[in-house]
Amino acid sequence: RTPTDPQHQTQILERSETQRPRLYRVLLLNDDYTPMEFVVMVLERYFRKSAGDAEMIMLAVHRKGQGVAGVYTREVAETKVAQVTQHARSEGYPLRVVAEPEP
Ligand code: TYC
């Protein structure tokens, strides 16, 4: 059978599972100037963390240099980065927030 043969049919290979979107980690980076309370508020308000989890994550970032605030699809992650960066700048804080794809 050749491709020009009317009997030739395209074979459709079905995937066993629906494709899942790539996920992105939103990282908080430490700095010397952003107040601890502001970072805790950010984790509660933008990343929906409990007060206790927010405190733990903030302290981990303070000690280790960076940490994961949350994991989202690309558009949601980029929106969180933009919103938190804008809020920090409006308060005059240098807080850095970035999104990176999960390996
Ligand atoms: N290091 C800051 C301080 O001592 C607190 C801080 C924590 C800043 C986490 C940024 O992502 C950050 N005030």
Side-chain angles (χ1 to χ4, degrees):
R1 212 154 52 70
T2 67
T4 50
D5 184 331
Q7 294 286 61
H8 181 93
Q9 289 175 332
T10 301
Q11 186 180 5
I12 295 168
L13 297 171
E14 294 181 22
R15 289 183 184 251
S16 60
E17 210 179 329
T18 304
Q19 284 261 52
R20 286 154 299 170
R22 177 178 265 256
L23 295 177
Y24 289 71
R25 298 203 266 250
V26 176
L27 302 177
L28 290 175
L29 308 183
N30 189 39
D31 67 73
D32 292 338
Y33 305 102
T34 304
M36 290 183 171
E37 314 82 67
F38 181 79
V39 178
V40 169
M41 177 281 295
V42 161
L43 286 161
E44 291 174 344
R45 186 191 293 189
Y46 294 94
F47 300 97
R48 304 178 141 277
K49 302 299 185 190
S50 67
D53 283 358
E55 188 77 18
M56 286 202 311
I57 294 166
M58 181 280 295
L59 284 174
V61 175
H62 176 69
R63 290 184 43 189
K64 299 177 192 172
Q66 66 175 56
V68 179
V71 178
Y72 307 94
T73 53
R74 184 165 61 87
E75 287 218 342
V76 174
E78 286 173 353
T79 300
K80 304 270 185 206
V81 168
Q83 290 175 333
V84 173
T85 300
Q86 186 171 16
H87 193 158
R89 295 300 172 275
S90 79
E91 303 282 343
Y93 302 141
L95 180 64
R96 284 167 300 156
V97 193
V98 298
E100 65 166 31
E102 284 205 316

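As the structure is a prediction and not an experimental result, all values here were calculated from the model.
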| query | When you look at Val26 and Val98, which way does the side chain to side chain contact (heavy atoms under 4.5 Å, CB included) test go after all the steps? | reply | CA-CA 6 Å; Val26 176; Val98 298; over 6 Å; no
| said: Hydrophobic clusters here meaning ILVMFWY residues chained together by side-chain heavy-atom distances under 4.5 Å, can you tell me if Leu23 and Val68 are in one? | reply: yes
| said: Do Phe38 and Val40 sit in one hydrophobic cluster, given that two such residues count as connected whenever their side-chain heavy atoms are within less than 4.5 Å of each other, even indirectly? | reply: yes
| said: So, using side-chain hydrogen bond (donor to acceptor under 3.5 Å, both in side chains) as the criterion, who are the partners of Glu100 when residues are at least two apart? | reply: Arg25
| So, for Ala99 and Val81, which heavy atoms are closest and what is the spacing to 0.1 Å? | N-CG2, 3.8 Å
| said: Tell me the closest heavy-atom pair linking Ala77 and Tyr72, and the distance in Å. | reply: N-CB, 3.8 Å
| salt bridge (Lys or Arg N to Asp or Glu O under 4.0 Å) with Glu78: which residues, sequence neighbours excluded? | Arg74
| said: I'd like to know if Leu28 and Val71 are part of one continuous hydrophobic network [Ile/Leu/Val/Met/Phe/Trp/Tyr, side-chain heavy atoms within less than 4.5 Å]. | reply: no
| task | Check the pair Val97, Leu27 against side chain to side chain contact (heavy atoms under 4.5 Å, CB included), reporting the backbone distance first and the verdict last. | result | CA-CA 6 Å; Val97 193; Leu27 302 177; over 6 Å; no
| task | Could you tell me whether the side chain of Arg89 and the main chain of Leu95 form a donor-acceptor pair under 3.5 Å? | result | yes
Report all side-chain donor-acceptor pairs from residues 44-64 shorter than 3.5 Å, counting only partners two or more places apart or in another chain.
unit_1, atom_1, unit_2, atom_2, d
Tyr46, OH, His87, ND1, 2.8
Lys49, NZ, Ala69, O, 3.4
Ser50, OG, Asp53, N, 3.1

| Verify same cluster id: Val84, Leu29 (apolar side-chain graph, 4.5 Å) | no
